There are 2 protein chains.
Amino acid sequence: MTDIDELLSIRAAELYYEEDKTQDEIGTILRLTRWKVGRLLAQAKANGFIRIEIVHPRARRLGIERQLRSATGLADAIVVSTAGVVDELDLQKRTAQAAADYLSALRPVPRTLGISWGRTLYDISVQLKPGWASGVNVVQINGGVSLNARPGTAAATAVSIAQKGAGQFTLLPSPAILERVETKLAIASDRSVAAVLEMGSSASAYLFSAGQADAGSAHVDSGYLTPDQVDELVRKGAVGDVVGRFIDSAGQIVDPALDERTFGIPLEQLRRAKTAIAVISGPRKHAIARSVVLSGLCTVLITDEDTAQALIKAA
Amino acid sequence: MTDIDELLSIRAAELYYEEDKTQDEIGTILRLTRWKVGRLLAQAKANGFIRIEIVHPRARRLGIERQLRSATGLADAIVVSTAGVVDELDLQKRTAQAAADYLSALRPVPRTLGISWGRTLYDISVQLKPGWASGVNVVQINGGVSLNARPGTAAATAVSIAQKGAGQFTLLPSPAILERVETKLAIASDRSVAAVLEMGSSASAYLFSAGQADAGSAHVDSGYLTPDQVDELVRKGAVGDVVGRFIDSAGQIVDPALDERTFGIPLEQLRRAKTAIAVISGPRKHAIARSVVLSGLCTVLITDEDTAQALIKAA
DNA sequence: GCCGATCTTGCTCATATGAGCAGGAGCCTC
DNA sequence: GAGGCTCCTGCTCATATGAGCAAGATCGGC
């Protein structure tokens, strides 16, 4: 395109998009035929001079979702827009909202839903609308008795999701990480506990988040790990944790000994699942999101625009 | 609008603007009539959820130009978009380009054009295309022999504008500020110099910029004033200078003694002029831009989006 | 619970826009 | 400088969209 045409296409775009003039009126103003104006506008679009953004907390990026699906082979991808996001809290809320929306619209409605716990899952439970399902069994899939902060958050999340879905909940009565393997095996061998794990392993869908491996990890807040222990995991290649289990960028368990003491369903259950919904957003979670998606831990990813872009680039 | 309608309008907007679907297709997807879809899209626009931006160095903001004209009573206003601006240099270039465009399109073509000098004017002279006018007399309206940096810039500017406009140039052979009033009067009384000032005073149009009053002022670079002297002017209320003369926020000369020693046409000439084009952009020039416009020093302002917004708010 | 007021819906019709095509201008090749 | 090629222009026609309107739904007041 010639330089003068480029300038004309900008003038035309201003009149068309800012001033709401018709192509015919623009033709009169710029002394062009209306067909020429139409072509100039088409060129302006094709050259990327026209940027259209939907600014709303519920806005999604369908184009990026499509790219993400085809780049990663995910069954589904939900990408929330970052346009107009003010802080990370806002972004978390948007993502949780999108997850709640997705869960509400999920068909078939899962009979048994396995969930992890944490900040993200709690937010989702808050955003869910009463009546989102009619009779859903919610079961925790990893140990979740918090040691320090916000006791009962894990339980409250499961309870809320179940109640709003007019269903039952089943808690996993165990800490996330035990100090000794023997303790873990002892708890796991308990009939009632084993039944919960069994139910978790046969869930028809999973909903979980993931944590990044750094000093801000929920495991540190909850008192299961010290910052030093997390640093050590990072040195071994950990990028984050999924249902309590720390993995490297290839999706492999980084510390088998620690993993043995971690209570919950094994990651293989997620990889085998027909519907495993991961909800991961925020700039600090790019690495763990990448690992989760590329190692096949989820079939559906709900995330933000920036994380999605990083993922597409990586895949 | 109800909450559910708001969400639907966002979904519709995504499909319409991102996926290029027709309203009819969207109707099928969302199980709505195409008329409902049309209304939802109209609501999304009305609520400001749809943001359309023209991303191009030559893009202008016609809506803001209109607001600026009606808020200030300017005869004309040119506002360049800041969308996609990377640094202040980029912004300066865009503004200079807009000024060159404006000058080229100015009707009637000025027979005599009075110009100031400086970074902005120089940029404009570079952006002007050969043949922008056919025979224009360019005359300097303020003293412009630079003492330190870039000697000859002021002259080069006038020469370039005149040559590209197939016309003559007339330089004002004097420093911007004289050390003694007597010297200034002596120079001014010289027949040939007086003729230049006379020509400057009767120009059919003026094109000038303005400088902010701070240590980065062109007067400091050029060696006419020390940073201390500028600080002193600021204490007296100076917000910047126009054709070398420092004014306060009301457009009044802040230091009459200094002004007596400043060489060039008086500001009253600009205020009386039928066409006085001020080119002022950048975040540091909001105050001086405000003073120039509100005190009637220009009839036309060429500026950037942010400065324009600040001006509209102030007026 | 009835009635009027107001808001929403689905339509008809007018207008705006995009696809596709024939003719023509400009340009390169020989 | 002729011929053929490509690209551009202005058109016709099909489609998409917006304005305006009448019927229906909803709501509050009594």
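Fair warning: this is a prediction, and the values are worked out from it, not measured in the lab.
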May I ask you to decide whether B:Arg58 forms a salt bridge with A:Glu6, counting only side-chain N to carboxylate O separations under 4.0 Å?
-> no

Rounded to the nearest 0.5 Å, how far does CZ of A:Arg69 lie from CG of A:Leu74?
-> 9.0 Å

Roughly, in whole Å, what's the span from CD1 in A:Ile26 to P in C:dT15?
-> 18 Å

For atom CD of A:Gln43 and atom C1' of D:dC8, their distance in whole Å | 11 Å

C:dA16 phosphate, OP1 or OP2, under 4.0 Å from A:Tyr16 side-chain N/O | no

Mind grabbing the angle between the end helix axes of the helix from C:dG1-D:dC30 to C:dC30-D:dG1? Five pairs an end, 10° rounding.
-> 40°

CG of A:Leu15 versus C1' of C:dA16: gap in Å, rounded?
-> 16 Å

Does a side chain donor of either B:Asp101 or B:Ser104 reach within less than 3.5 Å of an acceptor in the other side chain?
-> no

Student check: side-chain heavy atoms of A:Thr275 and A:Tyr206 closer than 4.5 Å | no

Review item, nucleotides 22-27 of chain C N/O atoms under 3.5 Å of protein N/O:
none

When the distance from NZ of B:Lys21 to P of D:dT17 is rounded to whole Å, what number comes out?
-> 13 Å

Between D:dT17 (P) and B:Leu41 (CG): distance, integer Å = 9 Å

N-O pairing of A:Glu19 and B:Arg66 below 4.0 Å | yes

Pairwise side-chain contact, B:Ile29 with B:Lys21, heavy-atom cut-off 4.5 Å (strictly under) = yes

Closest contact, heavy atoms only, A:Asp123 versus A:Ala96 | CB-CB, 3.5 Å

Side-chain heavy-atom pair A:Leu301, A:Leu68 within 4.5 angstrom cut-off | yes

Spacing between A:Leu8 atom CG and D:dC8 atom C1', to the nearest angstrom = 15 Å

Is there a side-chain contact between A:Thr157 and A:Ile161 (heavy atoms, below 4.5 Å)?
-> yes

Think B:Gln23 has a side-chain N or O under 4.0 angstrom from the OP1 or OP2 of D:dG18?
-> yes

Heavy atoms of B:Ser209 and B:Thr120 approach each other most closely as OG-OG1, 3.4 Å

Minimum side-chain heavy-atom gap A:Ile302-A:Thr95 below 4.5 Å = yes

Contact check, residues 29-39 of chain A vs DNA chain D, heavy-atom distance under 4.0 Å, returns A:Thr33, A:Trp35, A:Lys36, A:Arg39

Interatomic distance, B:Asp20 CG vs C:dG18 P [rounded to whole Å] | 10 Å

